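Presented below is the structure to which this report refers.
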Amino acid sequence: MGIEDIRDICMAMPHVCETMNWGHHLVYWAGDRDIGGKMFAMTDLDGTGSGVLWFHCGAERFHELLETEGIIASPYLAKAHWVTVERWDVLRPRQIAEELKLAYELIFAKLPPRTKKVLALPEKERLKVISERKKLLKAKQKAQ
């Protein structure tokens, strides 16, 4: 299991986008973040972070996962029930895939109604709305 495997798992889910944030983290979003999507998992690309994989697990699963050696509460994100996997061998590949699917489902369920409405549009319309939103955000950044 590695970064490419995580990418394959996450990108196979519907409406998932990825971004590079904080210099070296590949972040996976349920829905495009520019239309209100929310992140559900991330990986550390250069190995300088506190772990190899971070993901949302929900309140019910949070304490259960922390009992596993090699899984810790994510710095800055523990309040939101995120955990950090310190090494790739902490969980089996199937377990990682299941946890990522659960993370996606939990976060997707919390998306704002307007975001879900955009994601429900036919692909061509959805891409147009997302593109227009990105242009608007870019124009706002230039104006500042």
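Worth saying up front: this structure is predicted, and the values here are computed from it rather than measured.
Residue Lys101 holds its NZ atom at 13.5 Å from CZ of Phe108, rounded to the nearest 0.5 Å. Expressed to the nearest 0.5 Å, how far SG of Cys17 lies from CE of Met39 amounts to 14.5 Å. Atom CD in Glu132 sits 10.5 Å away from atom CD1 in Ile130 (nearest 0.5 Å). Considering CD of Glu123 and NE2 of His15, their distance stands at 9.5 Å, rounded to 0.5 Å. The line from CG of Leu26 to OG1 of Thr19 is 7.5 Å long, rounded to the nearest 0.5 Å. Atom CZ of Phe55 sits about 12.5 Å away from atom CG of Leu77, to the nearest 0.5 Å.
Cluster membership check: Val85 shares its hydrophobic cluster with Leu45, using side-chain heavy-atom separations under 4.5 Å among Ile, Leu, Val, Met, Phe, Trp and Tyr. A continuous path of hydrophobic side-chain contacts links Ile3 to Val83 [ILVMFWY only; heavy atoms under 4.5 Å]. One hydrophobic cluster holds both Trp88 and Leu100 under the rule that ILVMFWY side chains link at heavy-atom gaps under 4.5 Å. Under a hydrophobic clustering in which Ile, Leu, Val, Met, Phe, Trp and Tyr are joined whenever their side-chain heavy atoms come within less than 4.5 Å, directly or via other members, Ile96 and Phe62 fall into the same cluster. Hydrophobic clustering (side-chain heavy atoms under 4.5 Å, transitive across Ile, Leu, Val, Met, Phe, Trp, Tyr) groups Met13 together with Leu121.
Pairing each heavy atom of Lys38 with each of Pro112, the nearest pair is CE-CD, 4.2 Å. Across all their heavy atoms, Met1 and Ile9 have their closest contact at CE-CD1, 4.2 Å. Scanning both residues, Pro75 and Thr84, for their nearest heavy atoms gives CD-OG1, 3.9 Å. Nearest heavy-atom pair, His25 versus Asp44, reported as atom, atom and distance to 0.1 Å: CD2-CA, 4.1 Å.
Note: Phe40 and Tyr28 have tilted aromatic rings, judged against thresholds of 30 and 60 degrees for the angle between ring planes.
No donor-acceptor pair under 3.5 Å is formed between the side chain of Thr43 and the backbone N or O of Val52. A donor-acceptor pair is defined here as one N or O able to donate and one able to accept, closer than 3.5 Å; no such pair exists between the side chain of Glu125 and the backbone of Pro122. In this structure a side-chain-to-backbone donor-acceptor pair under 3.5 Å is present from Tyr104 to Pro14. Distance alone, capped at 3.5 Å, is enough to place a donor-acceptor pair between the Lys116 side chain and the Ala109 backbone. Panel note: side chain His56, backbone Ala80; a donor-acceptor pair is recorded below 3.5 Å. Put simply, the side chain of Thr115 gets close to the backbone of Ile35: a donor and an acceptor are under 3.5 Å apart.
Side-chain contact between Leu119 and Leu111 is present, with heavy atoms from C-beta onward closer than 4.5 Å.
Salt-bridge formation is detected for the pair Arg61/Glu64: a Lys NZ or Arg NE/NH1/NH2 atom is positioned less than 4.0 Å from an Asp or Glu carboxylate oxygen. For the pair Lys134 and Asp34, the salt-bridge criterion is met [side-chain N within less than 4.0 Å of a carboxylate O].
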Are Glu99 and Leu65 close enough, and set up right, to give a side chain to side chain contact (heavy atoms under 4.5 Å, CB included), and what steps lead you there? CA-CA 10 Å; Glu99 294 296 343; Leu65 284 169; 3.9 Å; yes
If you apply the rule side chain to side chain contact (heavy atoms under 4.5 Å, CB included), what do you find for Glu69 with Val90, and how did you get there? CA-CA 7 Å; Glu69 185 163 340; Val90 171; over 6 Å; no
One pair to check against side chain to side chain contact (heavy atoms under 4.5 Å, CB included): Trp29 and Ile107. What are the steps and the verdict? CA-CA 9 Å; Trp29 301 79; Ile107 293 297; over 6 Å; no
